[in-house]
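Report on one structure; see the data block that follows.
The structure displayed is predicted, hence computed values, not measured ones.
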Amino acid sequence: MKDQRGITLMSLMIYIIVTILVIATLTTIMSYFSKNLTEIIGQDDSIIEIDKINISFLKEVKKTNNSITAISDDMSTIIFTTGNSYTFKNNGIYLNDNIQIAEKIKNCKFGQAQENGKEIAQLIIETKNKTYIKEFVLSNQIENNRGLEETDYTSLRLPLLAGKRVEKNTDYVDNRGKVAIVPAGFTISKIESETSINGGLVIYDIPTKKAGKDEGMTDEEIAKIDWANADEVLKLQKTYSQFVWIPVDDINDMFMCQNKGSTVDKKIYDIETCAIVLDETEL
């Protein structure tokens with residue numbers, strides 16, 4: 001009898017252990033699928049919002065003799081001759097400031113460009129998971145409308161902020177979706193080779209001209225700079241300081257963070273001296 005009880009008790013213990021392992025495994029699997037499902041739903045939400053924007057702007061640019069009349073200084077609003085305006089605010093895009101056409105938008109910038117005599121409305125839309133660059137050609141040239149996503153930026157013109165002075169610390173997005181923070185008061189170069197972040201983004205320290213003073217330039221004067229004119233650009237470079245924004249994957253790889261004094265067998269070894277740690281967005 002004792003042996004039978006022992007076997008029964010042992011079987012019960014094994015059953016309990018196996019049951020716990022099965023439950024733990026199922027919990028892990030369910031948690032994994034739940035997480036992936038949440039990510040998929042989030043991506044689908046993003047795509048749905050982008051589709052809403054596409055539909056609204058396609059309707060807008062189809063209208064006869066429509067054109068862009070104004071873009072706000074902070075590039076958050078674009079206005080058309082139809083009287084319609086599109087504004088990014090409160091994580092959404094609004095038609096005429098009161099009809100929401102898209103939500104769950106992290107950021108959006110509006111701009112305009114010209115190509116082959118056609119006017120183009122440009123949008124850089126940042127969602128939780130992705131940055132989209134959209135172009136819409138006006139004058140009923142709808143067949144040429146295209147959406148450029150991620151690495152397909154070959155036909156996009158200069159970045160929206162190129163050639164502009166920013167009034168506050170501003171996120172600059174280049175043609176590959178890379179982002180750099182431009183300090184308030186600086187002007188972004190409009191020379192194509194100087195607009196890429198990976199290639200070295202160049203910004204100019206051009207102070208705002210004050211009444212009765214000759215120093216600096218007004219926003220209107222900056223807008224009239226002919227960046228294709230080598231002589232004009234050379235004069236600009238001799239007059240104002242320039243700074244190059246270069247991305248660094250590891251801040252401790254910067255030259256000033258390296259100690260070049262250590263040598264072994266006549267070879268110089270880099271020794272990190274800064275030991276800077278980035279905690280999310282703070283050093």
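Residues Thr77 and Ile71 form no side-chain contact, since every pair of their non-hydrogen atoms from C-beta on lies 4.5 Å or further apart. In this structure, Glu103 and Glu49 have side chains that are in contact, with non-hydrogen atoms separated by less than 4.5 Å. Inter-residue side-chain proximity for Tyr204 and Ser189 is flagged as met; some heavy-atom pair is nearer than 4.5 Å.
Side-chain N/O atoms of Thr82 and Glu60 include a donor and acceptor closer than 3.5 Å. Judged by distance alone, the side chains of Asp74 and Ser76 do bring a donor and an acceptor atom under 3.5 Å apart.
Just one residue in the list Leu21, Ile23, Ile16 forms a side chain to side chain contact (heavy atoms under 4.5 Å, CB included) with Thr19, and that residue is Ile23.
Note that CD1 of Ile78 is 7.0 Å distant from CD of Gln112, once rounded to the nearest 0.5 Å. Atom CD1 of Ile50 and atom CD1 of Ile53 lie 4.5 Å apart (nearest 0.5 Å). With values rounded to the nearest 0.5 angstrom, Asn107 atom CG is found 10.5 Å from Met75 atom CE. A distance of 9.5 Å separates CD1 in Ile68 from OG1 in Thr81, rounded to the nearest 0.5 Å.
Applying the side-chain hydrogen bond (donor to acceptor under 3.5 Å, both in side chains) rule to pairs touching residues 88-101 yields Asn84-Asn96, Lys89-Asp97, Tyr94-Gln100, sequence neighbours excluded.
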Gln242 vs Gln237, test: side-chain hydrogen bond (donor to acceptor under 3.5 Å, both in side chains). Steps then yes/no.
CA-CA 7 Å; Gln242 302 103 57; Gln237 293 171 339; 4.9 Å; no
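Remark: Ile181 CD1 is loosely packed, at most 12 non-hydrogen atoms of other residues, nucleotides or ligands lying under 6.0 Å away.
Ring-plane geometry between Phe80 and Tyr86 is classed as perpendicular, the angle between the planes exceeding 60 degrees on a 0 to 90 degree scale with a lower cut at 30.
Salt bridge annotation for Lys235-Glu232: absent, with no cationic side-chain nitrogen under 4.0 angstrom from a carboxylate oxygen. Here Glu221 pairs with Lys209 in a salt bridge; the nearest charged N to carboxylate O distance falls below 4.0 Å.
Although no hydrogens or angles enter the test, the distance criterion places a donor-acceptor pair under 3.5 Å between the side chain of Arg165 and the main chain of Ile206.
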